[in-house]
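Below, chain A is the first sequence line, B the second, and so on; all start at residue 1.
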Amino acid sequence: MLRRTKIVDLLKSATTQPEVLAKGWVRTRRDSKDFSFIEINDGSCLKNLQIIAQNNLPNYNEVKNLSTGSSVAVRGALVESQGGNQKYEVVAEKIEIYSLAPEDFPLQKKKHSDEYLRTIAHLRPRTNKYGAAFRVRSALSYAIHKFFQERGFKYVHTPIITGSDCEGAGEMFQVTTLDMKNPPRLPNGEIDYSQDFFGKPAHLTVSGQLNGEMYACALGDIYTFGPTFRAENSNTARHAAEFWMIEPEMAFADIHDDMDLAEDMVRYCVKEVMEKCHDDIELFSKFVDPTLMDTLNTIKNNSFARITYTEAIEIMKKSGKKFEYEPEYGIDMQTEHERYLAEEHFKRPVIVRDYPKEIKAFYMRMNDDNKTVAAMDVLVPRIGELIGGSQREERYELLKKRIEELGMHEEDYSWYLDSRKYGSVPHAGFGLGFERMMMLLTGIANIRDVIPFPRTPKSLNF
RNA sequence: UCCGACUUAGCUCAGUGGUAGAGCAAUCGGCUGUUAACCGAUUGGUCGCUGGUUCGAGCCCAGCAGUCGGAGCCA
């Protein structure tokens, strides 16, 4: 029984072979008088396999009509190709047609716009560009796990459904089993959540960080890698309602360890994907972003710039550049500022740290100046903020005071404060938007095109 | 959510008030170890929706919807 070989392996074969079995989807067909060239792709790699179908095949009449999108199994000899564009091709002895795609198959043998392909997101992975993108997505996921596992980080599964509606990272999606048309009500008219599934309001997580910290304070170094949900009405090329986030957390670590980890991880992943997905990355640099190779090589070969927030503001003030929002100590950095620093001033990724406490989250560690917190952002060309992290406030009294200052409810955080009450240690971590990393690696400009079935405001298809 | 642009054939687009066009795709035929092959023919449209102005609207006006770009929020 002859077993199927993937096209990626056939094309890598060291020698010709008398008999192979290949399966795939037809990309294009070119006919001669006595035979046809059929190119099939099985998703295992960017390249197609060229099939020679001669008119002595018993079903040549059907083979001659194979349309783009049809699925076939081909048995034959793997031989050296006479044509110049491929090393090997298969001379078919038998072509089994699984399914003939009708003439309204939406993918044509030409370039389609990304906007159109979004309307057929269920079929777009069958194109060169999206096939490449989602092979890279897989390779990048693996690279991330590999990076952390090689360094002894433990993978922690933090919950998707959360009961604290105050993680503070953005608007949340509510999860309920109550009858929306007629919810149970309290005497004062408010909805009676005691009758809901969990007996209280529930939401989809916006971050696993607080849970992750608890496990770092037990297992040492941990990371999470999972879906995250934000109900923000953000209509940009860089935001989705459902996206994947990586959140490492290290016990016995400070902000400098955190920056080292972030830089090592980004550079490791870039190296790994450039190696594993060479053909795919080449396609992106050829057809999507001509500057991609330079950007990736710069990341691979150079360390990141590191400055403080105060220095960043000074650099921008002295730059003479006209910003829409004037850089001034105390402002939150705008997209234009982030991109100026990474794209124009440093021309490589830059890590900015020690931000004013007013513009950062409650759990970030207060610096000795009592003005800034030990927060750090990794800014990269084209994307802006790729990573946001911090050393966490490990001092019980200071953290409690911050929670009070910001008008948050201490009782909601009692479990979180316990980690500071019992054997508190310095610890630090960060959050990385997986899709933003994908955009960095592929040059693809819209987040909707690096996630298989994107969820964005007013858009929930497939 | 705010600002701006766009919406015409299956796809990508042209068409600035007077009988709806091109390229590609598809279909049919020809030719060729071809490379998103090539040559010829054919098919294909309620011009986003609703209303208005006009003798006449794809084109002008208003509303709505969707898409895209930028901004905010952030990953």
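With rounding to whole Å, A/Arg27 atom CZ is found 12 Å from B/A37 atom P. In this structure, A/Asn41 atom CG and B/U35 atom C1' are separated by 15 Å, rounded to whole Å. One atom, CZ of A/Arg29, and another, C1' of B/G33, lie 16 Å apart when rounded to the nearest Å. Rounded to a whole Å, the CG atom of A/Leu117 is 14 Å from the C1' atom of B/U67. Between the NZ atom of A/Lys286 and the P atom of B/A36 there is a distance of 11 Å, given to the nearest Å. Between A/Glu80 atom CD and B/G33 atom P there is a gap of 21 Å when expressed in whole angstrom units. We find that NE2 of A/His112 is positioned 11 Å from C1' of B/A36, with the value rounded to whole Å. As rounded to whole Å, 9 Å separates atom C1' of B/C74 from atom CZ of A/Arg238.
For B/U34, the OP1/OP2 oxygens have no side-chain nitrogen or oxygen of A/Arg30 closer than 4.0 Å. For the OP1/OP2 pair of B/U32 and a distance below 4.0 Å, the side-chain nitrogens and oxygens of A/Lys33 include at least one atom meeting the criterion. For the OP1/OP2 pair of B/G72 and a distance below 4.0 Å, the side-chain nitrogens and oxygens of A/Gln334 include at least one atom meeting the criterion. OP1 or OP2 of B/A37 sits under 4.0 Å from a side-chain N or O of A/Lys109. Between A/Thr28 and the phosphate of B/A37, there is a side-chain N or O to OP1/OP2 separation shorter than 4.0 Å. Applying the 4.0 Å criterion to OP1 and OP2 of B/G72, one finds that A/Thr335 has a side-chain N or O inside that range. Within the 4.0 Å cut-off from OP1 or OP2 of B/U1, at least one side-chain nitrogen or oxygen of A/Asn233 is found. Contact check, A/Asn446 against B/G69: a side-chain N or O comes under 4.0 Å of OP1 or OP2.
Contact annotation for A/Ser113: backbone-only contact, meaning every heavy-atom pair under 4.0 Å involves sugar-phosphate atoms and none involves a base. If you check every strand for non-hydrogen atoms under 4.0 Å, A/Ile246 touches nothing. At the heavy-atom level, A/Ser36 lies nowhere under 4.0 Å from the strands shown. Residue A/Glu115 is classed as a sugar-phosphate contact, given heavy-atom separations below 4.0 Å to backbone atoms only. At a threshold of 4.0 angstrom between heavy atoms, the contacts of A/Glu336 with the nucleic acid are absent. As judged by a 4.0 angstrom heavy-atom cut-off over every strand, A/Ser32 is placed among the base-contacting residues. Residue A/Arg118 is in sugar-phosphate contact alone, with no base atom involved, counting any heavy-atom pair closer than 4.0 Å across all strands shown. A/Tyr116 comes within 4.0 angstrom of sugar-phosphate atoms only, judged by non-hydrogen atoms across all strands, and of no base. Looking at heavy-atom distances under 4.0 Å, A/Glu385 makes contact with sugar-phosphate atoms alone, never a base. Using a 4.0 Å heavy-atom distance criterion, A/Phe434 is classed as making no nucleic acid contact.
The aromatic rings of A/Phe148 and A/Phe153 sit tilted relative to each other, their planes meeting at an angle between 30° and 60°. Taking the six-membered ring where tryptophan is involved, the planes of A/Phe362 and A/Tyr416 are perpendicular, since the angle between them exceeds 60° and thus also 30°.
For a distance-only test at 3.5 Å, the side chain of A/Asn235 qualifies as a donor-acceptor partner of the base of B/U1. Within 3.5 Å, no donor on the side chain of A/Ser234 pairs with an acceptor on the base of B/C74, nor the reverse. The base of B/A75 lies close enough to the side chain of A/Arg230 for a donor and an acceptor atom to sit less than 3.5 Å apart. Donor-acceptor pairing under 3.5 Å, judged by distance alone, is present between the side chain of A/Glu89 and the base of B/G33. Between the side chain of A/His239 and the base of B/C74 there is at least one donor-acceptor pair of N/O atoms closer than 3.5 Å. A donor-acceptor contact under 3.5 Å is formed by the side chain of A/Gln50 with the base of B/U34.
The nearest heavy atom of RNA chain B to A/Ala237 and to A/Arg436 marks one nucleotide each, and the one closer to the 5' end goes with A/Ala237. Two residues, A/Arg448 and A/Ala241, neighbour RNA chain B, and the one matched to the more 5' nucleotide by heavy-atom proximity is A/Arg448.
For the residue pair A/Gln17/A/Ser13, the side-chain donor-acceptor check at 3.5 Å is satisfied. A/Gln334 and A/Tyr340 share no side-chain donor-acceptor pair at under 3.5 Å.
Taking 4.5 Å as the limit, some side-chain heavy atom of A/Tyr155 sits within range of a side-chain heavy atom of A/His157.
If you run side-chain hydrogen bond (donor to acceptor under 3.5 Å, both in side chains) between A/Tyr223 and each of A/Gln149, A/Glu247, A/Lys154, A/Arg151, only A/Gln149 comes through.
With a cut-off of 3.5 Å on both Watson-Crick or G-U wobble distances, the partner of B/U42 is given as B/A26.
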